[in-house]
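Some notes on the structure that comes next.
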There are 2 protein chains.
Amino acid sequence: MSEVAATGISVLLVDDHPIVRQGYRRVLESQGDLHVVAEADNAADAYGAFKTHDPDVVMMDISMPGASGLEAIRNIRARSPRARILVFTMHNEAVLVKAAFNAGASGFVTKSSAPSAVVNAIRGVARGERAMSDDIAHVLAEDSLSAGSVLDQLGEREIEILRQFAGGATTEQIAAQLNLSVKTVQNYHYLIKTKTGARTDAQLVRLAASCGLTRI
Amino acid sequence: MSEVAATGISVLLVDDHPIVRQGYRRVLESQGDLHVVAEADNAADAYGAFKTHDPDVVMMDISMPGASGLEAIRNIRARSPRARILVFTMHNEAVLVKAAFNAGASGFVTKSSAPSAVVNAIRGVARGERAMSDDIAHVLAEDSLSAGSVLDQLGEREIEILRQFAGGATTEQIAAQLNLSVKTVQNYHYLIKTKTGARTDAQLVRLAASCGLTRI
DNA sequence: TCCGGCTTGGGAAATTTGCCCGAGCTGCAA
DNA sequence: TTGCAGCTCGGGCAAATTTCCCAAGCCGGA
């Protein structure tokens, strides 16, 4: 691995939008100590680029098409436990943040953050620290006080049914898929709404999407 | 208005993510002929900045919180018909593209485009041309062949009800908001599902989201 | 003028929801 | 070991919603 103090911090950028990557690249490289050594526009390429360039930090947008960003994190970390991954996204759901850290991320910064906060997060992650932007810290703080996230109160079965439902499946399809009676699926549906406080199906779909359970 | 040939092209950046704006700014300014004269992070500020700086081109991400980006375009164009607005977003739904052009946009470029395509679009828009990225041209071409998008078959009232429904509003809330009977809203709900072919409410929400009608 | 489409709602049958219940299972703790 | 708690699974039943069908007013275009 490169000597951080001596040669600066090497960064692998992962984002599916080329101009966004180029923008980040310029912002980072204007800092002097940050060097973008490679880019990737999907989760699959990310690991290849990681192996080739062995960057100090992977800066990754986890809302990409194809494989989930969380999968990509797990993937990289499983094969290279020393990898430092900074998640960089517009989402700020506590569930997603926790999922990212559980998957092995070292930091989590939202795109709403000031550029200075982003580059400082990169430096922190490169030093082996855990880094997150202020808004994420607040979200997690709120979350820890409010006794866990929405999804934490759901059982495995409930989450699976919520995922399929939010994905557009009908009650019959879910019942057939999971070998349940329609009535049971209906009951779960009701239970999920009760537990999450969603008043309409649409709110449930949005909840699932904002928790990263489904992508739209 | 500035003399494009003599002084370059002045650009107003509108995007709700500061680091994204800063990234774009650097990409644009590295071109030599493009100058970012102001930034705004919401639709309301965008018009203020437009009045103050009178830029040649407004480069705008229309997926921002608060007022719809389409509203912002209409707003600016209504007050300054000479304004050139280049929409720059990750969405590539034909409905949204057409809506943007109808609202008065001069160009539409997706974030998937190569940076060179983006800067060329800015130059084209500044010259008064209509500009769009290749993928958008393909989407519109497909759309014109496939006899219109899903949303095209919906009336204004239907779209408004779909938007509110997908946003999480209950039937009662929509009825109250629009001064309709609950029965009418229910009928619209059914009609929308029939017209769009959605079998569940969840599919409807996803449809609305994928058309840029709601954000999750 | 007439036709077609949008908007607004009524009606009635079919279906789903909301909420209650019980039963089997598992893990955990006293 | 017993017992409790929580998950999973489904029945029951009244209330609500959905699904269609229909009608009437309005407006713009042929």
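By convention in this document, chain letters (A, B, ...) are assigned in the order of the sequence lines, proteins followed by strands, and residues within each chain are numbered from 1. Note: hydrogens, waters and symmetry copies are ignored here, and every other heavy atom, side chains too, is used.
- At whole-Å resolution of the value, CD1 in B:Ile161 and C1' in C:dT7 are 9 Å apart.
- Of the charged side-chain nitrogens involved, none lies within less than 4.0 Å of a carboxylate oxygen, so that A:Arg157 and A:Glu160 do not count as a salt-bridged pair.
- Distance, B:Glu158 CD to C:dG5 C1': 10 Å, rounded to whole Å.
- Which of C:dC6, D:dG11, D:dC7 sits closest to the side chain of A:Lys195 comes down to D:dC7.
- Each of B:Leu86, B:Val87, B:Ile73, B:Leu12 was scored for a side-chain contact (heavy atoms from CB on, under 4.5 Å) with B:Met60, with one residue passing: B:Ile73.
- Between A:Leu191 atom CG and C:dC21 atom P there is a gap of 15 Å when expressed in whole angstrom units.
- Atom CD1 of B:Ile85 is separated from atom CE of B:Met59 by 13.5 Å, given to the nearest 0.5 angstrom.
- If you check every strand for non-hydrogen atoms under 4.0 Å, A:Thr184 touches a base.
- The distance between atom CD1 of A:Ile174 and atom P of D:dT8, rounded to the nearest whole Å, is 15 Å.
- Here the options are A:Val58, A:Asp61, A:Asp15, A:Val109, the test is side-chain contact (heavy atoms from CB on, under 4.5 Å), and the partner is A:Phe88; only A:Val109 passes.
- B:Ser112 OG to B:Ile136 CD1: the interatomic distance, rounded to the nearest 0.5 Å, is 8.5 Å.
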Measure all distances between protein nitrogen or oxygen atoms and nitrogen or oxygen atoms of nucleotides 14-20 of chain C, and list the pairs falling under 3.5 Å.
| unit_1 | atom_1 | unit_2 | atom_2 | d |
| --- | --- | --- | --- | --- |
| C:dG18 | O6 | A:Lys183 | NZ | 3.0 |
| C:dC19 | OP2 | A:Tyr190 | OH | 3.0 |
| C:dC19 | O5' | A:Tyr190 | OH | 3.2 |
| C:dC19 | N4 | A:Asn187 | OD1 | 3.0 |

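- Residues B:Asp16 and A:Lys111 are not paired through a salt bridge, judged by the lack of any N-O separation under 4.0 Å between the basic side chain and the carboxylate.
- One interatomic measurement links the two molecules: CG of B:Leu180 to C1' of C:dT7, which rounds to 9 Å at whole-angstrom precision.
- Atom P of nucleotide D:dC7 and atom CD1 of A:Ile192 are separated by 13 Å, given to the nearest angstrom.
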